[in-house]
Amino acid sequence: MLKLIAAVASCAVALLSTPALSAEGNAPILIKLSHVVADDTPKGQGALLFQKLVAERLPGAVKVEVYPNSTLFGDANELEALRNNEVQMLAPSLAKFEKYTKQLQIFDMPFLFDDLEAVNRFQKRAKGRQLLRAMEKQDIVGLAYWHNGMKQLSSTRALRLPGDAAGLNFRIQASSVLEAQFKQLGATAVKMPFAEAFKALQEGRVQGAENPWSNILSQKLNSVQPFITETNHGALDYMLVTNARFWYGIPHQTRVELEAIVDEVTFSVNNAAEAQNTADRAKILASGSSELILLTDDQRQAWRAAMQPVWKQFEQEIGSDVLKAAEMVNRKNK
Ligand code: LMR
């Protein structure tokens with residue numbers, strides 16, 4: 001009898017700890033969504049909204065778990081984990097796909113896009129849409145582009161002209177274009193996962209970095225960067241990606257519903273991102289941590305001119321068709 005009670009009790013415990021069952025009696029499909037930034041950023045908010053809408057619209061059929069701040073996987077291993085289906089969704093920065101396609105390096109090209117609006121136009125047009133499928137052979141499917149914002153240069157030294165960066169070490173994402181960008185300035189680029197950036201700046205192993213305002217504030221990078229130059233020199237945007245085999249294995253109707261949710265979340269993230277960066281910029285300036293350096297038109301032109309060899313260096317790898325399509329979206333060509 002005691003054995004029977006113990007067995008019933010352990011069954012009850014097992015049931016309580018198992019996720020709710022779907023209508024067909026199957027356990028819900030689990031989507032682990034991992035990312036490397038804080039909840040209070042455009043990507044962090046997007047991940048939480050996706051989780052909320054899936055819970056409301058597909059209860060018992062799909063369950064989303066969100067892992068922020070590199071708590072499940074970090075920059076070094078997240079894409080391999082996705083390909084192994086150990087995690088089902090990520091939204092890495094577009095700079096982080098270099099190993100799988102060179103074409104997305106277009107987004108790292110310094111001073112190529114005039115502003116986030118131009119980046120947005122590129123992503124919406126045919127070439128941008130095509131790039132969502134550029135990694136399918138490696139089982140990586142792009143579902144959407146999510147904005148964060150344009151990057152700013154921060155440092156322990158005031159950076160007004162390209163030569164001012166010479167001799168400094170800058171933390172970068174793992175991207176050859178970004179490496180070349182700093183080399184062109186006479187600086188050294190140090191590739192490093194996002195999770196390590198604050199400590200490296202704090203300890204003085206690197207003296208500068210490039211980030212959108214939301215990442216500067218949410219990682220408190222401004223507390224160790226006394227100067228921030230508003231360069232808007234490149235995009236830090238994301239591709240929401242999933243594992244092809246996982247995604248196309250989801251029953252059709254459920255996948256259609258998930259795609260509709262992705263579209264809704266994408267709309268929300270992309271509408272809110274610029275406002276969040278503007279608000280975070282204001283918070284940083286109000287904190288008095290860092291001096292804001294604004295570039296004159298001539299200074300900006302000097303930075304842009306200094307970067308031309310980088311464009312040349314990567315034109316072939318990225319593809320001149322992609323580069324042309326990107327140049328077309330700037331304001332003067334709208
Ligand atoms: C970085 O590594 O600087 C960014 O890609 C982090 C992020 O995901 O915004």
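Keep in mind the model is a prediction, meaning the values are calculated, not measured.
Using a 4.5 Å heavy-atom cutoff, the side chains of Glu230 and Arg281 are in contact. With a 4.5 Å cut-off on side-chain heavy atoms, Trp311 and Gln308 count as touching. Side-chain contact check for Glu65 versus Leu30: some heavy-atom pair is nearer than 4.5 Å. A heavy-atom distance below 4.5 Å is not found between the side chains of Lys32 and Leu90. Taking the side chain as every heavy atom from C-beta outward, Asn222 and Ser287 approach each other to under 4.5 Å. In this structure, Ile106 and Phe122 have side chains that are in contact, with non-hydrogen atoms separated by less than 4.5 Å. Trp247 places a side-chain heavy atom less than 4.5 Å from the side chain of Leu258. Proximity of Lys52 to Val265: side-chain heavy atoms (C-beta onward) are nowhere separated by under 4.5 Å.
No donor-acceptor pair closer than 3.5 Å links the side chain of Asn211 to the backbone N or O of Lys151. The backbone N or O of Gln103 lies less than 3.5 Å from a partner atom in the side chain of Thr101, making a donor-acceptor pair. Between the side chain of Asn270 and the backbone N or O of His147 there is at least one donor-acceptor pair closer than 3.5 Å. Under the 3.5 Å distance criterion, the side-chain polar atoms of Ser154 are left unmatched by any main-chain donor or acceptor of Gln225. Side chain of Asn243 to main chain of Phe246: a donor-acceptor pair is present (N/O by atom type, distance under 3.5 Å, no hydrogens or angles). In terms of modelled atom types and a separation under 3.5 Å, the side chain of Glu196 and the main chain of Pro193 share no donor-acceptor contact. Formation of a donor-acceptor pair under 3.5 Å by the Trp303 side chain with backbone atoms of Arg160 is found in this model. Put simply, the side chain of Arg171 gets close to the backbone of Met192: a donor and an acceptor are under 3.5 Å apart. A distance-only check finds no donor-acceptor pair linking the side chain of Arg57 to the backbone of Ile261 [under 3.5 Å]. Between the side chain of Glu203 and the backbone N or O of Leu201, no donor-acceptor pair lies under 3.5 Å.
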**Request:** Decide ring pair (Phe, Tyr, Trp, His ring centres under 6.0 Å) for Tyr145 and Phe107; before the verdict, give the C-alpha distance in whole Å, the side-chain angles of both, and the deciding distance to 0.1 Å.
**Result:** CA-CA 12 Å; Tyr145 290 106; Phe107 292 100; 5.8 Å; yes

**Asked** Between Lys199 and Gln202, does a side chain to side chain donor-acceptor pair (under 3.5 Å) hold up when you go through it step by step?
**Response** CA-CA 5 Å; Lys199 204 153 181 278; Gln202 191 183 40; over 6 Å; no

**Prompt:** Do Glu315 and Lys312 pass the salt bridge (charged side-chain N to carboxylate O under 4.0 Å, His left out) test, and can you show the C-alpha distance, the side-chain angles, and the key distance before you say yes or no?
**Reply:** CA-CA 5 Å; Glu315 177 170 355; Lys312 283 250 148 2; 5.1 Å; no

**Asn85 vs Gln88, side chain to side chain donor-acceptor pair (under 3.5 Å): CA-CA, chis, key distance, verdict** = CA-CA 6 Å; Asn85 201 26; Gln88 289 70 39; 3.1 Å; yes

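Taking both residues in full, the closest heavy atoms of Lys43 and Pro92 are given as NZ-CA, 4.4 Å, listed atom of the first, atom of the second, then distance. Listed here is the closest heavy atom pair of Val224 and Phe198: CG2-CE1, 4.0 Å. Nearest heavy atom pair, residue Ala144 against residue Val262, reads CB-CG1, 4.1 Å. Smallest separation of non-hydrogen atoms from Ser175 and Ala95: CB-O, 3.7 Å. Across Trp146 and Ala91, no two heavy atoms sit closer than the pair CE3-CB, 4.3 Å.
Residues Val177 and Phe97 fall within the same hydrophobic cluster, defined by Ile, Leu, Val, Met, Phe, Trp and Tyr side chains chained together at heavy-atom separations under 4.5 Å. Leu236 is not connected to Val310 by any chain of hydrophobic side-chain contacts under 4.5 Å among Ile, Leu, Val, Met, Phe, Trp and Tyr, and they are in different clusters. Hydrophobic clustering of Ile, Leu, Val, Met, Phe, Trp and Tyr side chains at less than 4.5 Å, counting indirect connections, unites Met89 with Leu49.
Donor-acceptor pairing under 3.5 Å is lacking for the side chains of Asp115 and Asn232. Defined by atom type and a distance below 3.5 Å, a donor-acceptor pair is present between the side-chain atoms of His233 and Glu210.
Expressed to the nearest 0.5 Å, how far CD of Gln105 lies from CG of Leu94 amounts to 11.5 Å. Atom CG in Asp237 sits 11.5 Å away from atom CG in Leu104 (nearest 0.5 Å). In this structure, Leu178 CG and Asp108 CG are separated by 4.0 Å, a value rounded to the nearest 0.5 Å. Interatomic distance, NZ of Lys283 versus OG of Ser289, reported as 13.0 Å (0.5 Å rounding). Atoms CE and CG, from Met135 and Leu132 in turn, are 8.0 Å apart once rounded to the nearest 0.5 Å. The structure places CG of Asp39 at 10.0 Å from OG of Ser218, a figure rounded to the nearest 0.5 Å.
More than 12 heavy atoms of other residues, nucleotides or ligands lie within 6.0 Å of OH in Tyr248, so this atom counts as buried by the packing criterion. Within 6.0 Å of atom CD in Gln316, 12 or fewer heavy atoms from other residues, nucleotides or ligands are found, so the atom counts as exposed in its surroundings. Sparse packing is recorded around NZ of Lys220, with 12 or fewer heavy atoms of other residues, nucleotides or ligands lying under 6.0 Å away. For Lys191, the NZ atom sits in a packed shell: over 12 heavy atoms of surrounding residues, nucleotides or ligands are nearer than 6.0 Å.
The only option from Leu292, Leu221, Ile228 that meets the side-chain contact (heavy atoms from CB on, under 4.5 Å) definition with Ile284 turns out to be Ile228. Here the options are Leu48, Val54, Leu58, the test is side-chain contact (heavy atoms from CB on, under 4.5 Å), and the partner is Val64; only Val54 passes.
Classification of Glu327 and Lys324 as a salt-bridged pair fails, no side-chain N sitting under 4.0 Å from a carboxylate O. The pair Lys96-Glu98 fails the salt-bridge criterion, with no side-chain N (NZ, NE, NH1 or NH2) lying under 4.0 Å from an Asp/Glu carboxylate O. Classification of Arg157 and Asp164 as a salt-bridged pair fails, no side-chain N sitting under 4.0 Å from a carboxylate O. With salt bridges taken as basic N to acidic carboxylate O contacts below 4.0 Å, none links Glu78 and Arg83.
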